[in-house]
Amino acid sequence: MIVTRAPGKLFIAGEYAVVEPGEPAVLIAVDRFLTVRLTPSDDVGRVHSREYGQAPVVWTRAEGSTNPVSIVLEHHPYDYVVSAMTLMERLRDERGLPGHYFDLHIESDLDDASGRKFGLGSSAAVTVAVVAALDRFYGMGLTRTERFRVALLSTIMLAPDASGGDVAASTFGGWIRYTAPDRVTLRESLERHGVTKALTSPGWSPHRVDRLPDPTSLELLVGWTGSPASTERLVGGVRPHSGRSASPYESFIDESRGCVDALVESLRADDGPRALEVISRARRLLQHLGETSGIRIETDELRLLCDLAEQHGTAGKPSGAGGGDCGIVLAPADAPLGALLSAWESHGIRRLDMSVQHAEDATAELDESAGLRAGAEVRR
């Protein structure tokens with residue numbers, strides 16, 4: 001049996017702007033995981049997941065197909081698991097490795113007992129974990145950067161506008177500064193030249209991952225409003241369309257970059273008060289974006305979560321696309337937080353018990369049988 005797991009993520013700053021190639025965001029990996037267990041199979045493959053109901057999804061390779069790695073599903077639509085499987089099978093074929101059947105068992109603690117998602121990037125985490133499992137199954141020896149790139153290519157086949165920040169957080173762990181590649185160029189390279197060529201496409205040039213220090217002067221709180229949000233719908237709603245002025249959006253991009261740069265500086269200096277100021281500024285920026293675009297980024301529940309945080313001497317903002325899901329709060333490490341947590345509880349806001357998944361620990365989980373590799377691939 002091969003076991004891999006990938007952590008969930010949270011955006012700290014830079015949401016929405018990060019979908020533009022080269023624009024930065026700050027994210028963290030959290031110590032809640034999605035786990036994939038792979039076992040060899042003889043005749044067909046099966047994917048077991050609560051997402052699919054009681055029965056597993058059965059997959060086979062198409063007989064007589066001109067595409068030797070075509071995957072045929074018996075009763076479930078194409079999704080992130082299948083996309084990751086498909087690209088890894090294509091890469092395996094491009095490398096001349098023989099194909100084998102396998103079963104996947106997927107378990108997640110990135111949602112609650114009823115299956116409602118917390119907004120912690122379960123799609124990215126399952127993609128990263130499946131890629132890692134198949135890398136080990138076929139003995140490809142991919143570096144972390146290569147695994148990240150395959151996972152992002154798998155993601156943009158389904159969600160072309162996805163920034164990949166969540167994929168990076170699940171792959172590299174810890175606090176990171178992230179900028180997205182040119183996904184249009186990557187998709188064209190993948191479709192025309194295959195996975196191997198796409199891994200070194202010029203479309204990666206705007207992309208970068210920088211490790212950030214884990215601040216000792218700050219404590220992170222995560223609150224969940226219980227309302228799931230559609231990231232794709234929200235992101236699509238704020239980008240300028242035909243007939244609408246692009247000026248407010250362009251101004252937002254510039255201001256978001258300034259927020260992220262200021263936050264990165266404060267984290268590197270472990271300047272807690274400055275970081276709190278930047279988080280408050282980032283919240284106002286998202287509020288203004290929602291007003292100018294007509295998209296409800298900060299719901300009533302998220303507004304209450306953040307307002308209560310500010311009333312208790314901390315700084316809060318929506319995490320990710322907003323519209324529901326989670327809000328994050330940065331507080332001084334020595335701040336008394338009991339009153340804030342009581343206020344959250346009285347208003348139906350659930351604190352999620354989690355902390356930052358450190359980069360070394362996340363990497364070790366993905367490389368538990370092979371040792372740590374490619375540590376210098378992420379810029380420090």
Side-chain angles (χ1 to χ4, degrees), residues 7-15 24-32 118-120 165 169 173-178 210-225 255-287 297-298 301-320 322 325-362 380:
K9 60 74 192 169
L10 285 168
F11 272 91
I12 303 300
E15 300 92 338
V26 171
L27 301 93
I28 58 170
V30 298
D31 59 353
R32 291 203 179 202
F118 290 138
L120 299 176
W175 288 75
I176 61 170
R177 178 190 182 274
Y178 173 83
D210 293 283
R211 290 221 190 277
L212 299 175
D214 195 344
T216 60
S217 61
L218 296 170
E219 181 172 352
L220 173 74
L221 298 180
V222 183
W224 185 50
T225 66
E255 293 184 51
S256 177
R257 188 186 314 117
C259 271
V260 171
D261 289 346
L263 180 60
V264 168
E265 290 177 5
S266 68
L267 292 172
R268 286 176 171 159
D270 202 7
D271 185 345
R274 176 61 175 151
L276 267 59
E277 292 175 7
V278 176
I279 291 299
S280 296
R281 175 178 154 198
R283 180 196 178 192
R284 309 303 173 204
L285 184 59
L286 287 177
Q287 287 176 330
I297 295 174
E298 193 172 272
E301 294 84 359
L302 282 174
R303 180 175 293 108
L304 180 61
L305 182 156
C306 298
D307 286 347
L308 289 170
E310 292 180 357
Q311 291 167 18
H312 288 81
T314 66
K317 61 178 287 295
S319 176
D325 285 334
C326 292
I328 58 103
V329 170
L330 292 185
D334 57 354
L337 300 174
L340 170 58
L341 296 176
S342 295
W344 274 6
E345 184 177 2
S346 67
H347 288 91
I349 298 168
R350 176 178 170 185
R351 180 190 179 181
L352 298 182
D353 184 16
M354 64 180 66
S355 57
V356 177
Q357 176 68 10
H358 295 291
E360 293 78 6
D361 297 336
R380 297 181 183 274

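Quick note: numbers below take in every heavy atom, side chains included, and nothing from hydrogens, waters or symmetry partners.
You'll find the side chain of V329 stays beyond 4.5 Å of the side chain of L337, heavy atoms only. The side-chain heavy atoms of D271 and P273, taken from C-beta on, include a pair separated by under 4.5 Å. Proximity of L220 to L330: side-chain heavy atoms (C-beta onward) are separated by under 4.5 Å at one or more points. For the pair L285/S256, a side-chain contact is recorded, criterion being any heavy-atom separation below 4.5 Å from C-beta on.
D214 CG to Q357 CD: the interatomic distance, rounded to the nearest 0.5 Å, is 11.0 Å. The distance from the CZ atom of F11 to the CG atom of L286 is 11.0 Å, given to the nearest 0.5 Å. A distance of 8.5 Å separates CD1 in I28 from OG in S355, rounded to the nearest 0.5 Å. Atom CD1 in I349 sits 4.5 Å away from atom CG in L305 (nearest 0.5 Å). Expressed to the nearest 0.5 Å, how far CG of L308 lies from OG of S346 amounts to 7.5 Å. One distance of note links SG of C326 with NZ of K9; it measures 8.0 Å at 0.5 Å rounding.
Between E298 and R283, at least one side-chain nitrogen of the basic residue sits less than 4.0 Å from a carboxylate oxygen of the acidic one, meeting the salt-bridge criterion. The residues E265 and R268 are annotated as not salt-bridged, no charged nitrogen and carboxylate oxygen being separated by less than 4.0 angstrom.
Taking both residues in full, the closest heavy atoms of V260 and G14 are given as CG2-CA, 3.7 Å, listed atom of the first, atom of the second, then distance. Counting all heavy atoms, side chain and backbone alike, G173 lies closest to A29 at CA-CB, 3.5 Å. Counting all heavy atoms, side chain and backbone alike, E310 lies closest to G316 at OE2-O, 4.5 Å. When all heavy atoms of P318 and E15 are compared, the pair lying nearest together is O-OE2, 3.3 Å. Heavy atoms only, all atoms of each residue included: I176 and A169 are closest at CD1-N, 3.8 Å. Closest heavy-atom contact between G313 and P332: O-CD, 4.1 Å.
With hydrogens and angles disregarded, a donor-acceptor distance shorter than 3.5 Å links the side chain of K317 to the backbone of I12. Judged by distance alone, the side chain of S280 and the main-chain N or O of A315 form no donor-acceptor pair under 3.5 Å.
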For a side-chain contact (heavy atoms from CB on, under 4.5 Å) check, start with the C-alpha distance between L276 and L218, then their side-chain angles and the critical distance, and finish with the verdict.
CA-CA 9 Å; L276 267 59; L218 296 170; 3.3 Å; yes
Residues F118, V30; criterion side-chain contact (heavy atoms from CB on, under 4.5 Å); working and verdict:
CA-CA 12 Å; F118 290 138; V30 298; over 6 Å; no
Checking L221 against T314 for the side-chain contact (heavy atoms from CB on, under 4.5 Å) test, could you report, in this order, the C-alpha distance in whole Å, the side-chain angles of both residues, the deciding distance, and whether it holds?
CA-CA 10 Å; L221 298 180; T314 66; 5.9 Å; no
Please walk me through it: do L120 and M354 pass side-chain contact (heavy atoms from CB on, under 4.5 Å)?
CA-CA 11 Å; L120 299 176; M354 64 180 66; 3.6 Å; yes
